[in-house]
Protein chains: 2
Amino acid sequence: MSPCLGLTWHSQFKALWKYAMNLKQLSEYLNLSQTTVSRALNGYPEVNENTRTRVLKAAQDLNYRPNTRAKGLATGRALAIGHVIPVSNQHEMVNPVFGDFIAGAGAAYARAGYDMMLTLVPDQEEVRAYQDIKARGTVDGIIVHGPIINDERISLLSRIGLPFVVHGRSTDVNLPYSWIDVNNRGAFERGTQFLIELGHRKIALLNGLEHMDFAFRRRKGYENALRNHGVSIDPRLMRSEEMTEVYGYRAAKEMLSRSDAPTAFVCSSIITAIGVRRAVHEAGLVLARDVSIITHDDALSYLENGDDVPIFTALRSSVWYAGTEAAEMLLSLISLPSHAPKTRLLEAELIIGRSTGPAAT
Amino acid sequence: MSPCLGLTWHSQFKALWKYAMNLKQLSEYLNLSQTTVSRALNGYPEVNENTRTRVLKAAQDLNYRPNTRAKGLATGRALAIGHVIPVSNQHEMVNPVFGDFIAGAGAAYARAGYDMMLTLVPDQEEVRAYQDIKARGTVDGIIVHGPIINDERISLLSRIGLPFVVHGRSTDVNLPYSWIDVNNRGAFERGTQFLIELGHRKIALLNGLEHMDFAFRRRKGYENALRNHGVSIDPRLMRSEEMTEVYGYRAAKEMLSRSDAPTAFVCSSIITAIGVRRAVHEAGLVLARDVSIITHDDALSYLENGDDVPIFTALRSSVWYAGTEAAEMLLSLISLPSHAPKTRLLEAELIIGRSTGPAAT
DNA sequence: GAATCACTCCAAAGCGCTTTGGATATTTGA
DNA sequence: TCAAATATCCAAAGCGCTTTGGAGTGATTC
């Protein structure tokens, strides 16, 4: 049954390593019980240090790793975090923000030995999807993306008892819950005020979809600034759409063709701002002189806002950083489930770039 | 032990649903064996149709879902696909292409009942990471992203025996393996030729990092076209970097300031092309008239290349589509492991937009 | 009327791990 | 010197599921 020559075993297993080895094989190879090997690997104290090093070396040599599913079954934990991305069926769009956020979070998970699971969920099926995730037990907690106003997912998840952290917040939800968010209202109020102080009065807002909470708050900030300075709020200068380049272009083109064209634009995304810039150029106007643009900037790695001198004057907040922070909040929430919800409000920096200037008189 | 009133049980379980219920409970509730319930749920024939509908209804009502880990342990399959994204440590950049690809793949997985796992891997640790994934058995197969020239991951994965599909190919790897790729060489040859036919002779290439296989092939295509038309290949007109906006801007700005400035640019990404456009404007030049741009376009949802009339003349190939196709290839590879590797070469469309025109004479 | 068959259903083993509750040496204390 | 404490190790149960190998009905066949 068990050949005595370690070497024989060794080479035998070595040859077999493509068919992942298990604890039983490893313990037979070591002439130890599975219990002891398991304890040695997991750092329990009741195992001789010599034995432990022997076990660790063998595990290393034979390329052993515990099977995730089995470990999960036995411990009741999945060692995985889920990211649930709502997908509108009409347009299966993936906000580029998402990639950077995930990259940040992924780094944190890797440090903690957690896996990351992605689930795309059509928005009609959300309730089912979350129940599903909970019941199937594939993850220990989830990050909620793209919260809308009064997002029912929050009460659902609290009811279900699945730890979660929201990237963003949800206006009108009164339950306590964990979130990390940028101060969107404050940022847009500041940005709009900055334009007003430059003398602009006709300031357009090219916002994201306003059932999304972040966009709703941004509009509030924009409106606050206008109100505080006695500038009238003109619905004709406000748009709310998916934040594409073409959207920025079209909206700006249309507005700039009016007799009472706006002299400044506040954009919710650098991509939209790029669209606005295109319209500005096409209209034969000059940025910062004829038309000013200020935009939110998520500091995406592929859309850096210039180098030394920023292209756009911007409200900057790194979404990559938000990702790592959200991940760490969730991990600590999972390890200390009794604790109260954590919240974190990030401030956006106002970066002065080359897209703003005093209003033409 | 078992109260007779179905109602009692029902409400009892209903109250408990936040603590996911299991097969044993469900079968006790139904007064059936676990075997029968399992078979009923999984569509095996040896179960009465009445029983089956009764089981299905109860499962639905009590919100039962089989535990993924347990199911995986029992079946030996993970019902999950892994996506491994190499991350250079210096710059943790996430190519925006990735989001769209994932979205496409995710749709396919959802249809097939598979989960999606993401792993970010620092490129020094790749070998370990893949062995890890195999040994831990968390996924049934993986999608390999961002292949470089002579990518060692391919032979590693074949050796390990983990089904995989590469998004892209790897020059100099001679093993058979499954991949889906765009005809990058052909596309860039066509695009460059298009510019030559418009009379351009000084054509710059703003490529991605050329250790990446796609970028290497694109350069080959570009060079082929120049050679075929007797245009000399000028290293001073060729750049190879991470495809950001700032890269396009800087490179174009520098080149346009020369006495023998290029009259056309071939870009590897629409984002880089946007940077070039910025430099062109800033130099007081007019697109299509003074300087032409042709770019690869991955048809990203947030970076649509205009609407009716494309902004850029482009070589278009939807990465979202590539994602769904890759996913389906992998799924079929997993279900029929004996089959030979599948390969799929997608052609990029040449889209004529408003960024190209005849060379100024 | 016994044997065969199709139809339903079930008990129990097993997937690979952790962990409980000892068992067996080895030291220690008085 | 013997009991008690300590240090190591182990057998076996259990996590929630699938699946093997029957068992128990009636209905059908000869």
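Each chain gets a letter, A, B and so on, in the order the sequences are listed, and its residues count up from 1.
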Check your understanding: Expressed in angstrom and rounded to an integer, what is the separation of B:R54 atom CZ from C:dC9 atom C1'?
Key -> 12 Å
Study note, to complete from the structure: Between CG of A:L30 and P of D:dT8 the distance, given in whole Å, is 17 Å
Check your understanding: Quick one: A:K71 NZ to C:dC15 C1', roughly how many Å, whole number?
Key -> 17 Å
Point to revise | Gap between atoms CD and P, on B:E46 and C:dC10 respectively (whole Å) | key: 13 Å
Exercise for review: Check whether any side-chain N or O of B:D100 sits under 3.5 Å from a backbone N or O of B:V319 as a donor-acceptor pair, and report yes or no.
Suggested key: no
Exercise for review: Please report, rounded to the nearest Å, how far the C1' atom of C:dC17 is from the CD atom of A:Q34.
Suggested key: 8 Å
Check your understanding: In whole angstroms, how far is the P atom of C:dC9 from the CG atom of B:L41?
Key -> 13 Å
Point to revise | Given C:dG14, C:dC17, D:dC9, the nucleotide with the shortest approach to the side chain of B:A74 | key: C:dG14
Study note, to complete from the structure: Assert: residue with more 5' nearest nucleotide on DNA chain C, out of B:T51 and B:A70, is B:T51
Review point. OP1, OP2 of C:dT8 versus side-chain N and O of B:N48: anything below 4.0 Å?
Key: yes
Check your understanding: Relative to the ring of A:H83, is the ring of A:Y109 parallel (under 30°), tilted (30 to 60°) or perpendicular (over 60°)?
Key -> perpendicular
Review point. Once you round it to whole Å, what is the distance between P of C:dC9 and CZ of B:R52?
Key: 10 Å
Exercise for review: Go through D:dG16, C:dG16, D:dT19 for me and flag the one nearest to the B:N22 side chain.
Suggested key: D:dG16
Exercise for review: Using only heavy-atom distances, determine whether the side chains of B:S33 and B:T36 contain a donor-acceptor pair under 3.5 Å.
Suggested key: yes
Review point. Choosing from D:dC9, D:dT18, C:dC17, which nucleotide comes nearest the side chain of A:L23?
Key: C:dC17
Review point. Would you say B:N67 reaches D:dC15's phosphate, i.e. side-chain N/O to OP1/OP2 under 4.0 Å?
Key: no
Review point. Base, sugar-phosphate, or nothing: which does B:T35 touch, judged by heavy atoms less than 4.0 Å apart?
Key: base
**Study point:** Under 3.5 Å donor-acceptor, A:N42 side chain and A:Y44 backbone
**Key:** no
Exercise for review: State, with a plain yes or no, whether a side-chain heavy atom of B:I81 is found less than 4.5 Å away from one of B:L331.
Suggested key: yes
Point to revise | Between P of C:dT8 and CD of B:E49, the distance in whole Å | key: 8 Å
Exercise for review: Return no unless some side-chain N or O of A:T75 is found under 4.0 Å from OP1 or OP2 of C:dT18.
Suggested key: no
Revision key, fill the gap. Which of C:dC10, C:dC15, D:dT8 is nearest the side chain of B:L73? It is C:dC15
Exercise for review: Please work out if B:R39 contacts a base, only the sugar-phosphate, or nothing of the nucleic acid, heavy-atom cut-off 4.0 Å.
Suggested key: base
Practice item. Establish, from distance only, whether the side-chain atoms of A:N50 and A:R52 form a donor-acceptor pair under 3.5 Å. Key: no
Point to revise | Below 4.0 Å: OP1/OP2 of C:dT19 and any side-chain N or O of A:Y44 | key: yes
Study note, to complete from the structure: Between B:K24 and A:L32, the residue closer to the 5' end of DNA chain D by nearest nucleotide is A:L32
Check your understanding: Taking the side chain of B:S33 as its heavy atoms from C-beta onward, which of C:dC10, D:dT8, D:dG16 lies nearest to it?
Key -> C:dC10
